[in-house]
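In what follows, every chain begins at residue 1, and chains take the letters A, B, ... in the order their sequences are listed.
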2 protein chains.
Amino acid sequence: MTLTERQMMILRAIVRDYTNSGVPVGSKALAQQLPIHVSSATIRNEMATLESSGLIKKTHSSSGRVPSIKGYRFYVDHLIQPDPVRQNDINLIQSSLGSDFHKIDDIISQSANILSNLTSYTAFTLPPELQESRLSGFRLVPLGKRQVMAILVTDDGNVQNRAFDVPEGITADQLEPVVRLINDQLVGHTLPDVLARLNTDIPVEVSHYVTSPEGFLAIFGDVLRKAAQERFYIGGRLNVLNYSDDQDVDSLKSLYQLLDTNDDLADIIGKPSNQMQVRIGNEITNDVLKNYSLITATYDVDQHGQGMIAILGPTRMQYSRVIGLVDAFREELAKKLLDYYQHYGE
Amino acid sequence: MTLTERQMMILRAIVRDYTNSGVPVGSKALAQQLPIHVSSATIRNEMATLESSGLIKKTHSSSGRVPSIKGYRFYVDHLIQPDPVRQNDINLIQSSLGSDFHKIDDIISQSANILSNLTSYTAFTLPPELQESRLSGFRLVPLGKRQVMAILVTDDGNVQNRAFDVPEGITADQLEPVVRLINDQLVGHTLPDVLARLNTDIPVEVSHYVTSPEGFLAIFGDVLRKAAQERFYIGGRLNVLNYSDDQDVDSLKSLYQLLDTNDDLADIIGKPSNQMQVRIGNEITNDVLKNYSLITATYDVDQHGQGMIAILGPTRMQYSRVIGLVDAFREELAKKLLDYYQHYGE
DNA sequence: CTTAGCACTTGAACCTTATGAGTGCTAAAA
DNA sequence: TTTTAGCACTCATAAGGTTCAAGTGCTAAG
């Protein structure tokens, strides 16, 4: 699809106006606003062309124009001019990330809140990829008669726990050497490494101490997998109520339901790949989100891997503003995390 | 306020009809439905009396009647006949609570979901009072260069953790004897006990091992207090969207905001006292809830203390149905928890 | 004390109409 | 060939009007 300069100018203005006001854009308003001097009739002719290309559409036969999915797509791919981020917002980000955090996840969850506040949409944040996170320690704490709490800690400050019944035929004391073995042999290794060794040499070693270690090692594997699971944080759930005003209650409910099922959401957001990706309306492979847009971006923390942040908003989201903000935020977050690792890392 | 038998019969019917249908109740419908044979005109006369007593009101000058806050109050205090709980629902409760849980809190959070499903309103659940929960263990796990994760476990399966920097002048190794001391001296005691001793003999004992233990003991106290904090669970957040249909978006937002601030909610729900308490509309000391009703009930787990469950719904909640359900649920939950403690407790 | 009868009120649903923002098309101007 | 003035046409929205049914209060008779 090739557009003339003027057509692009018009499309850009339509998207800008419509995402700002939510009202279909008419030829007269465009004629007044555009830097070129043409009459509204000329604009109308151009708009007819844009419409026949499927980039804009009418809401009814005599209404102004609204961008189509294809139009937003073209805008984002070719026309967008990210808004410069206001110094105010930069300051807000920096001061919100400025305090002392005790865990990576605190920074990440705080980030979801900042991002949702800045954008007025809904924000998702994921910590740096877990391939890089390492086992810091494993402990047992007796709870009651035959119940024990298994606790696993990773070097990014994540703690996972699970209570379990000590299998018949073993006492809690007998498990102590196994715990020591795990700490001696596995601490400092990445979680995937540890998971791998759980299927190879570890069972052999453990069987020196306990006759049937399967039950216990299953628990350990369980907690380990829980720690290795994709975690992520959501900020601005409530903003949904603003930006999907004309939706019915049922679709609101399904959206909220989706926001509560981490697995589905993690699937939708996906893995770090492109620096920034914009998916609009039905480009998102989930029917519940077919009236929304999703911006995902990665951030790099050097050798600690990549993480992701994402923004969910209406298809008529203010792309230029949000993309500017997300881009600025990636940078600040990466800085903060580097700081954190430098301070606490090995 | 004294009402005749007939007036009470009419008020009861108005509340029942209105809470079921949400439509103002007229004299004709009542005349047909009531077991006595009087004309609608007679009913109208009685309704006028009830209205002048402030128990019912009109939505406009020629509408049917709707109960007032005062009317609901009278109904709940004097007229209510709790619905018998269907065997179906009992079965649902029992099977939902039937699986094997690893923590008290899993049972409690599951309870919030069951209750909200059963009632179609929003449910809150709190574990048995924490005065009774005991310290099971305290562990440290080194994280990075100078960072350590402190982990505290209580006998009801609650795990709290906090990362901290080892104070200058102490090494992580030096803390080991202190951790041992805490485990030797404090495990098995209730959290309030432990907190008390943290201000008396413990600092003295610890100072044998470490020269300036204040920093570390502050951390320990921190985690301890976190574990002793009121925890609670919410189920059926989404149901709000159903039962407050005629509210505007702003009040919805404030309600959701309230649901996200545990402290305020804990205040509103309060401490275990009466077996069951019904607060209607502005009887709740919070403006956001002035159009809602809150039913709170306690449950007893013998020597393990009392917990609470609560239901939030519209003022025109189906009181008789919900009160029946809540009452049945208290019993089942208490049974389940006793089971749990018997199985795992000391 | 009860009730039939009746005038009156009101929200809801349904039209009708006016308004105005916007369109497409035509024919003339550039 | 491109632009533009002019104009008929379309449609959403808001405002006003009508009808309908449900409900009320009141009066006077049973």
inquiry  = Quick check for you: among C/dT3, D/dG25, C/dG24, whose closest atom lies nearest to any side-chain atom of B/R65?
reply    = D/dG25

message = As a test of reading the structure: which of C/dT23, D/dG25, D/dA5 is closest to the side chain of A/A41, going by heavy atoms?
response = D/dA5

query = Taking the six-membered ring for Trp, are B/F124 and B/F232 parallel (under 30°), tilted (30 to 60°) or perpendicular (over 60°)?
reply = perpendicular

request  = List the atom of B/R65, the atom of B/I14, and the distance in Å for their closest heavy-atom pair.
outcome  = O-CG2, 4.1 Å

Neighbour count >12 (heavy atoms, 6.0 Å) for atom CD, B/Q275 = no

In whole angstrom, give the distance that lies between atom [atom1] of [X] and atom [atom2] of [N].
| X | N | atom1 | atom2 | value |
| --- | --- | --- | --- | --- |
| B/Q32 | C/dT3 | CD | C1' | 16 Å |
| A/N45 | C/dA27 | CG | P | 15 Å |
| A/H60 | D/dC9 | NE2 | C1' | 13 Å |
| B/I43 | C/dA4 | CD1 | C1' | 15 Å |
| B/I36 | C/dT3 | CD1 | P | 9 Å |
| A/R44 | D/dA8 | CZ | P | 15 Å |
| B/L30 | C/dT3 | CG | P | 15 Å |
| A/K28 | C/dA21 | NZ | C1' | 8 Å |

ask   = Touch check for B/S27, heavy atoms < 4.0 angstrom, all strands: base, sugar-phosphate only, or nothing?
value = sugar-phosphate

query = When rounded to the nearest 0.5 angstrom, what is the spacing between OG1 in A/T42 and CG in A/L34?
reply = 11.5 Å

Under 4.0 angstrom between [X] side-chain N/O and [N] OP1 or OP2:
| X | N | value |
| --- | --- | --- |
| B/S39 | C/dT2 | no |
| B/T42 | C/dT3 | yes |
| A/R6 | D/dT3 | yes |
| B/K58 | C/dT10 | no |

request  = Between A/E51 and B/T59, just flag the one whose closest nucleotide in DNA chain C comes earlier from the 5' side.
outcome  = B/T59

ask   = Do B/S62 and C/dT9 share a donor-acceptor pair, side chain to base, under 3.5 Å?
value = yes

inquiry  = Strictly below 4.0 Å, N to O, side chains only: are A/R237 and A/D260 in salt-bridge contact?
reply    = yes

